[in-house]
Q: 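Following this message is one structure expressed as structure tokens.
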There are 2 protein chains.
Amino acid sequence: MNTLAEENYLKCIYHLGMNAAIVSTNQIAASLNTKASSVTDMLKKLADKALINYTRYQGVTLTPAGEKIAIGIIRKHRLWEYFLVEKLNFKWDQVHDMAEEMEHISSQELVDRLDEFMGFPKHDPHGDPIPDCNGRFKTPELIPLSTLVVNQCGVISGVRDHTSPFLQYLEKQQLTIGKKITITDIIEYDHSVALKIETDKEIHISREVANNLLIAL
Amino acid sequence: MNTLAEENYLKCIYHLGMNAAIVSTNQIAASLNTKASSVTDMLKKLADKALINYTRYQGVTLTPAGEKIAIGIIRKHRLWEYFLVEKLNFKWDQVHDMAEEMEHISSQELVDRLDEFMGFPKHDPHGDPIPDCNGRFKTPELIPLSTLVVNQCGVISGVRDHTSPFLQYLEKQQLTIGKKITITDIIEYDHSVALKIETDKEIHISREVANNLLIAL
DNA sequence: TAAAAAATTTAGACTTATCTAAAATATGAA
DNA sequence: TTCATATTTTAGATAAGTCTAAATTTTTTA
Ligand SMILES: [Mn+2]
Ligand SMILES: [Mn+2]
Ligand SMILES: [Mn+2]
Ligand SMILES: [Mn+2]
């Protein structure tokens, strides 16, 4: 089995690998709030275990074995987040840190039964897809709200920023997962956006917020 | 906060302290499958943190602060065991090792909400009392089945041996928590016991099994 | 294309938790 | 009460994961 630190590195490399073919030491260090030298040490260890492809100075990619472990951890993370929100009534901005601990509970059978207990949910509270017990999941085409044009509509389906303040703000504005929105105006001056939520509420959000809200068309 | 190792030591000292006023280094070492020298190191650390009362060569007791932490961990352990059995349909012999990991999930609010979600259960799947959110719980007077006499009856309310083989055996014999039993015979030769479960089933168990089954009168 | 700058790795140290072997202390049997 | 034995502690080592500072390699820029 793998240590907690190893699991966190693998998960981190997986997430960073979504945006780039290869992942650099410094990216990992920044993401894990650690130092580049610590990362190098761990990369050697993970390479020895054949969980990453690593050549000095050249960055890393996950091997299939490493990716499988990473996806397993992400599956657990998202299922526990779903559990915390749906069963224990936490808010979507409260669950990430708890899930960071729970994702390391090792039992495979536990997570599979948890999945079944909750009815095999497809998405976590933040709209991210939950891998099934074989590690398979679909990543639907989502685009930032900021790329929509006036009169275009879509459904809020994800967030790019998972921090508490952002999620709390969205909730207060009723900008939650599943809501249908229609762009009513885009202010040229600051690229802020006016939009209608479902059929009634009309609100106005900054460019930054629009950039971090993901929409399914 | 305390490390995983510290939490395990505190819990261990608490459990050993149920049977003796003071707990010895060797007892802890045996219980944690570690060496006496490792225990001594940790005892110094816990004493520095004022979680135990420790004088060299004299054994240890928990301070109120240490006991509070220990009870908190036991509360989490038992609530998670209850969850695993009642919500995820695990058998009572399968849940201990998973709970050993889950008891270290740190959030106090999580465990309190879990408690509420399950309706504030009073006992875990093995009959052990679950402390409430203030750490309070009752330990009912339980006696080994081996101390009963012929025609005496009682309710199975706990086990002294929590290992999988013993629990599986009990389940197969329908000797599960809550069942009412009546002693029908005690064999002098080997101190084995014949008994009736509820009103129908008549079975015969060894002295050893009778010793590890706890009864409420 | 050769410095300069940035990124990465290495060297050496620290912390936590563990171990073995040796020393110190306590206990209990004669 | 003394000495043999059991218990406990200390001394010194190891492994995982981290750090700072220095060295190395890559990348950028002039
Ligand atoms: Mn999360
Ligand atoms: Mn999430
Ligand atoms: Mn248990
Ligand atoms: Mn139990």
Side-chain angles (χ1 to χ4, degrees), chain A residues 1-17 19-62 66 69-70 73 100-101 103-104 106, chain B residues 1-14 16-17 19-62 66 69-70 73 100-101 103-106:
Chain A
M1 250 308 93
N2 306 291
T3 66
L4 188 144
E6 286 166 357
E7 289 190 348
N8 283 334
Y9 273 88
L10 290 173
K11 180 171 61 121
C12 170
I13 294 166
Y14 180 87
H15 283 310
L16 293 172
N19 304 314
I22 65 142
V23 176
S24 76
T25 300
N26 268 359
Q27 280 179 292
I28 298 169
S31 171
L32 293 179
N33 270 297
T34 184
K35 302 296 169 179
S37 56
S38 307
V39 174
T40 300
D41 285 345
M42 182 58 87
L43 294 184
K44 288 177 190 165
K45 206 174 143 198
L46 294 173
D48 283 347
K49 290 183 137 190
L51 299 175
I52 59 171
N53 306 112
Y54 170 57
T55 7
R56 279 164 76 223
Y57 295 101
Q58 301 309 136
V60 295
T61 59
L62 292 175
I69 292 168
I73 296 161
E100 283 292 301
E101 293 183 55
E103 72 190 8
H104 301 289
S106 58
Chain B
M1 253 306 98
N2 307 292
T3 66
L4 190 142
E6 287 167 356
E7 290 190 348
N8 283 334
Y9 273 87
L10 291 173
K11 180 171 62 122
C12 170
I13 294 166
Y14 180 88
L16 293 172
N19 304 314
I22 64 142
V23 176
S24 77
T25 301
N26 268 0
Q27 281 179 291
I28 298 168
S31 170
L32 292 179
N33 270 295
T34 184
K35 303 295 170 179
S37 56
S38 306
V39 175
T40 301
D41 284 346
M42 183 58 87
L43 294 185
K44 289 177 191 165
K45 206 174 143 197
L46 293 174
D48 283 347
K49 289 182 137 189
L51 300 175
I52 59 171
N53 306 113
Y54 170 57
T55 9
R56 280 164 76 226
Y57 295 101
Q58 301 309 138
V60 295
T61 58
L62 293 175
I69 292 167
I73 295 161
E100 284 293 302
E101 292 184 54
E103 72 190 7
H104 302 288
I105 304 293
S106 58

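In what follows, chains carry the letters A, B, and so on, assigned in the order in which the sequence lines appear, proteins first and then strands, with residues in each chain numbered from 1.
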Q: How far apart are the closest heavy atoms of A:Q27 and A:I22, and which atoms are they?
A: OE1-O, 4.1 Å

Q: C:dT9, OP1 or OP2 - any side-chain N/O from A:K35 closer than 4.0 Å?
A: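 A:K35 to C:dT9 OP1/OP2: no side-chain N or O under 4.0 Å.
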
Q: Within the side chain of A:T55, is there an N or O that forms a donor-acceptor pair under 3.5 Å with the backbone of A:Q58?
A: no

Q: Rounded off to whole Å, could you give me the CG-to-C1' distance for the B:L43 and D:dT7 pair?
A: 13 Å

Q: Has A:T40 got a side-chain atom pairing as donor or acceptor with A:A36's backbone, closer than 3.5 angstrom?
A: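 Yes; at least one donor-acceptor contact below 3.5 Å.
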
Q: Salt bridge check, B:K11 against B:E6: does any charged N sit closer than 4.0 Å to a carboxylate O?
A: no

Q: Of the options D:dT8, C:dT18, C:dT8, whose atoms approach the side-chain atoms of A:T25 most closely?
A: C:dT8

Q: Apply side chain to side chain contact (heavy atoms under 4.5 Å, CB included) to the pair A:I28 and A:V60, showing each step before the final yes or no.
A: CA-CA 10 Å; A:I28 298 169; A:V60 295; 4.1 Å; yes

Q: Is A:K44 close enough to C:dT9 that one of its side-chain N or O atoms is under 4.0 Å from OP1 or OP2 there?
A: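 Looking at the OP1 and OP2 atoms of C:dT9, neither is under 4.0 Å from any side-chain N or O of A:K44.
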
Q: For A:Y9 and D:dA16, what is the distance between atoms OH and C1' respectively, to the nearest whole Å?
A: 11 Å

Q: Atom CG of A:L32 and atom P of D:dA16: how far apart are they, to the nearest Å?
A: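 That distance rounds to 19 Å.
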
Q: OP1 or OP2 of C:dT8 sitting under 4.0 Å from any side-chain N/O of A:T40?
A: no

Q: When the distance from NZ of B:K49 to C1' of C:dT15 is rounded to whole Å, what number comes out?
A: 13 Å

Q: Could you please name the option among C:dT9, D:dT9, C:dC19 that lies closest to any side-chain atom of B:Y57?
A: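 Closest nucleotide to the B:Y57 side chain: D:dT9.
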
Q: Could you tell me the separation between the CZ atom of A:R56 and the P atom of C:dA11, rounded to a whole number of Å?
A: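 After rounding, the reported distance stands at 10 Å.
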
Q: Quick one: B:L46 CG to D:dT9 P, roughly how many Å, whole number?
A: 13 Å

Q: So which nucleotide from D:dT18, D:dT10, D:dT20 ends up closest to the side chain of B:S37?
A: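 So the side chain of B:S37 is nearest to D:dT10.
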
Q: What's the CG-P distance between A:N26 and D:dT25, to the nearest Å?
A: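 My rounded result for the distance is 18 Å.
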
Q: Between A:D41 (CG) and D:dA16 (P), how many Å, whole number?
A: 11 Å

Q: Tell me which nucleotide among D:dT18, C:dT20, C:dT18 gets nearest to the side chain of A:M42.
A: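 Given the options D:dT18, C:dT20, C:dT18, the side chain of A:M42 is closest to D:dT18.
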
Q: With a non-hydrogen cut-off below 4.0 angstrom, is A:A36 in contact with a base, only sugar-phosphate, or nothing?
A: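 Since a base atom lies under 4.0 Å of A:A36, the category is base.
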
